[in-house]
Amino acid sequence: MSLPDITARIDAACAAHGRAREDVTLIAVSKVQHADRVQAVLEAGHRVFGENRVQEAAERWPQFQARFDGIVLHLIGPLQSNKARQAFGMFDAIHTLDRPKLARRFADLAQEAGRCPDLFIQVNTGEEPQKAGVLPAEADAFVAEARGMDLPVRGLMCIPPMEEEASLHFALLAKIAERNGLNGLSMGMSADFETAISFGATHIRVGSAIFGERM
Ligand SMILES: *Cc1c(COP(=O)(O)O)cnc(C)c1O
């Protein structure tokens, strides 16, 4: 477990790039990690975690929530509409809003529940056919559409293509967010979170660098 190393690197990146440390949230991505490793990170005092599958999160987190106060859960993986209700009840934030159908579903659930998780709109900055997210050219319209449904859109999220320079994608995401008056930027993973911080990331999603390689 190398949580202290990662938090030290976040501190340094914030200092180097003039970012306020409290403006950067570390989401410890615990997907597929053994429960012992997750527990070690909880015992070290960390409380913000990311999962990419609703089912896996539902199996794992109730037990931890019974034992540790203040756990905050972020959904960072794709969400099927038929899992929206379950995700809505379990997560504090959802980073993968990517289509009108899901937005309408959230709007209905929010009306029913009187609350809504914080939402990030996923943007497919690399325009990769296999990847989720709205295309950059469609992002402004989709942000407006989601806001029109009174959804709490906190910001934007991206997963840059593996083989490309991540900074180009971080810069693009930051630009789209800025012109839409959004300050949440969910970007940066184990290999590039410091770069993401330099481009304004507010939520970095770090898995293997904290927990070790996934099984
Ligand atoms: C798995 C995952 C991460 C964490 O990746 P690491 O390289 O292990 O830090 C971040 N974001 C998303 C969307 C993921 O699926």
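In each ligand, atom 1 is the first atom listed, and ligand 1 is the first ligand listed.
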Decide ring pair (Phe, Tyr, Trp, His ring centres under 6.0 Å) for His203 and Phe120; before the verdict, give the C-alpha distance in whole Å, the side-chain angles of both, and the deciding distance to 0.1 Å.
CA-CA 10 Å; His203 294 72; Phe120 291 78; 5.0 Å; yes
Ligand 1: which protein N/O atoms lie under 3.5 Å from its N/O atoms?
| unit_1 | atom_1 | unit_2 | atom_2 | d |
| --- | --- | --- | --- | --- |
| ligand 1 | 8 (O) | Ser208 | N | 2.8 |
| ligand 1 | 8 (O) | Ser208 | OG | 2.9 |
| ligand 1 | 8 (O) | Arg214 | NH1 | 2.7 |
| ligand 1 | 8 (O) | Arg214 | NH2 | 3.2 |
| ligand 1 | 9 (O) | Ser190 | N | 2.9 |
| ligand 1 | 9 (O) | Ser190 | OG | 2.5 |
| ligand 1 | 9 (O) | Gly207 | N | 2.8 |
| ligand 1 | 11 (N) | Arg205 | NE | 2.8 |
| ligand 1 | 15 (O) | Lys31 | NZ | 2.7 |

Identify every side-chain donor-acceptor pair in residues 76-84 under 3.5 Å, counting partners at least two apart or on other chains, and give the distances.
| unit_1 | atom_1 | unit_2 | atom_2 | d |
| --- | --- | --- | --- | --- |
| Ser81 | OG | Arg99 | NH2 | 3.2 |

Check Glu128 with Lys131, please: is the shortest side-chain N to carboxylate O separation under 4.0 Å?
yes
Residues which pass side-chain contact (heavy atoms from CB on, under 4.5 Å) with Leu168, listed by chain and number, not counting sequence neighbours:
Glu165
Carboxylate-amine/guanidinium proximity below 4.0 Å for Arg9 and Glu194
yes
By salt bridge (charged side-chain N to carboxylate O under 4.0 Å, His left out), which residues pair with Arg154, not counting sequence neighbours?
Asp118
